[in-house]
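These figures come from a predicted structure and were not determined experimentally. For ligands, and for the atoms within them, numbers begin at 1 and follow the listed sequence.
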Amino acid sequence: MDVKNLVIIGSGPAAFTAAIYAARANLNPIVFEGFMSGPVGGQLMTTTEVENFPGFPSGIIGPKLMENMRDQAKRFGTIFITEDVISLDLTKQPFTVNGSKKYKIQTNSIIIATGAYAKRLDITGSRDGEFWQRGVTACAICDGAAPLFREKDLFVIGGGDSAVEEAVFLTKYGKKIYIVHRRDELRASKIMADRALNHPKVEILWNSKIIEILGDDIVKEVVIENIKTNKIEKKSAGGVFFAIGHKPATDFLNHQVDMLPNGYIKVLPFSTKTSVEGVFAAGDVQDHIYRQAITAAGSGCMAALDAEKYLLEKGFLD
Ligand code: NAP
């Protein structure tokens with residue numbers, strides 16, 4: 001079987017940036033962009049206006065940004081395979097990448113850039129086809145500035161650093177921000193928690209959960225249950241934001257690279273090298289801290305440069 005230089009797995013800013021760099025370095029990269037594992041383009045496909053990606057002073061629609069990156073990678077010769085990767089064999093060189101349909105590829109190096117999913121709860125009204133992306137989202141930083149949320153009562157679900165950070169961020173736009181937390185104590189660090197606790201526009205609904213989201217075209221109300229007292233209350237709402245953590249997309253790896261205790265891929269500091277030589281990780285699958293499109297793109301660039309250096313040092317390139 002013909003052995004390839006580099007397979008990139010994923011389809012977000014990290015994967016496409018890695019592909020742009022690798023293709024321009026004549027590594028002839030192959031990108032498994034997924035099929036059922038989520039939208040091609042990653043999390044930016046489910047957001048609307050992206051206002052913080054440098055180079056777009058008037059903002060850019062998330063799916064358009066990803067289409068541009070994909071086209072840019074294609075222009076330099078990247079081959080795209082629209083299949084999920086279902087398994088890898090990283091135990092011997094060349095590595096084997098098994099696609100979900102017809103592709104099985106052998107390659108000297110791999111970049112894993114499969115991203116992470118924002119976790120959602122299965123609340124009535126929150127699902128796809130209901131109010132998902134019509135007032136319900138899983139990223140306040142990405143979506144919070146949308147006109148839809150201006151001067152409305154907004155609800156953030158969660159009690160960790162993300163929830164309090166997103167609630168404080170939303171105070172710039174919303175009228176009042178409620179944090180709906182299932183316990184009577186925040187998980188967030190004290191310094192972050194204090195910012196929310198001391199903010200005049202933020203109120204925490206302790207021991208509470210949203211049991212239903214109601215509206216017409218967009219979100220208009222939420223039904224909240226206090227799980228200690230069982231009291232049920234309806235509140236006017238302009239938006240609901242899940243901030244209950246992320247899950248990196250690593251199941252297909254079958255633990256063949258070392259992971260951090262929180263499930264993210266472990267990389268060497270200031271590098272994209274994983275515990276397996278020749279296998280690199282970029283973007284949200286190895287980043288539980290920054291998780292931004294621009295940091296994902298930056299680490300995609302790093303991974304392509306690391307892979308090129310590895311291929312050269314090992315004598316895989318002519
Ligand atoms: P997290 O720390 O795992 O917190 C998730 C929160 O969601 C918890 O409060 C949890 O409740 C709640 N939750 C989880 N599942 C739930 C469910 N089924 N129903 C209701 N609530 C649920 O996640 P995170 O806040 O995204 O933070 C992830 C990591 O990133 C952390 O290490 C955090 O420190 C870091 N981070 C740092 C910053 C910063 O420093 N600027 C900002 C954001 C995130 P319980 O508390 O009851 O478990």
Sequence neighbours left out, what pairs pass salt bridge (Lys or Arg N to Asp or Glu O under 4.0 Å) with at least one residue falling in residues 86-106?
-> Asp89-Lys92
For Glu165, take its heavy atoms, then give the atoms of ligand 1 lying under 4.0 Å from any of them.
-> 41 (N), 42 (C), 43 (C)
Any idea which protein heavy atom is nearest atom 28 (C) of ligand 1, and the distance to it?
-> Arg291 NH1, 4.1 Å
When Phe280 is tested against each of Leu6, Ile112, Asp306 for side chain to side chain contact (heavy atoms under 4.5 Å, CB included), which residue passes?
-> Asp306
Could you list the atoms of ligand 1 found under 4.0 angstrom from a heavy atom of Gly245?
-> 23 (O), 26 (O)
Can any side-chain N or O of Gln286 pair as donor or acceptor with the backbone N or O of Val267 at less than 3.5 Å?
-> no
Residue, atom name and distance, where the atom is the protein heavy atom closest to atom 25 (O) of ligand 1 = Ser162 N, 2.9 Å
Heavy atoms only: give me the nearest Ala293-Pro13 pair and the separation to one decimal.
-> O-CB, 3.6 Å
When distances are taken from atom 9 (O) of ligand 1, the protein heavy atom at minimum range is Gly159 N, 3.0 Å
What atoms of ligand 1 come closer than 4.0 angstrom to any heavy atom of Leu121?
-> 17 (C), 18 (N), 19 (N)
Considering distance alone, does some N or O of Gly160 sit under 3.5 Å from an N or O of ligand 1?
-> yes
Between Asp2 and Gln106: side-chain donor-acceptor atoms closer than 3.5 Å | no
Taking 4.0 angstrom as the limit, do Lys64 and Glu67 come out as a salt bridge?
-> yes
Within the structure, does at least one protein heavy atom fall under 4.0 Å of atom 32 (O) of ligand 1?
-> no
Shortest heavy-atom approach to atom 3 (O) of ligand 1 - which of His181, Arg182, Arg187 | Arg187
What are the two closest non-hydrogen atoms of Cys301 and Thr17, and how far apart are they?
-> N-CG2, 3.8 Å
Got a sec, which residues hit side chain to side chain contact (heavy atoms under 4.5 Å, CB included) with Tyr173, two or more places apart in sequence or on another chain?
-> Ala145, Arg150, Phe169
Pick out which of Val285, Val31, Leu88, Ile111 makes a side chain to side chain contact (heavy atoms under 4.5 Å, CB included) with Ile9.
-> Leu88
Atoms in ligand 1 with a heavy atom of Met192 nearer than 4.0 Å = 39 (C), 41 (N)
Protein heavy-atom partner closest to atom 30 (O) of ligand 1 - residue, atom, separation in Å = His288 O, 3.5 Å
Pick from Ile244, Val180, Asn262: the one approaching atom 7 (O) of ligand 1 most closely through a non-hydrogen atom = Ile244
Closest protein heavy atom (residue, atom, distance) for atom 34 (O) of ligand 1 | Asp161 OD2, 2.5 Å
Would you check the N or O atoms of Ile157, main chain and side chain alike, for any that come under 3.5 Å of an N or O of ligand 1?
-> no
Going by heavy-atom distance to atom 46 (O) of ligand 1, choose the closest among Arg183, Arg120, Glu185.
-> Arg183
Is the shortest side-chain N to carboxylate O distance from Asp71 to Arg75 below 4.0 Å?
-> no
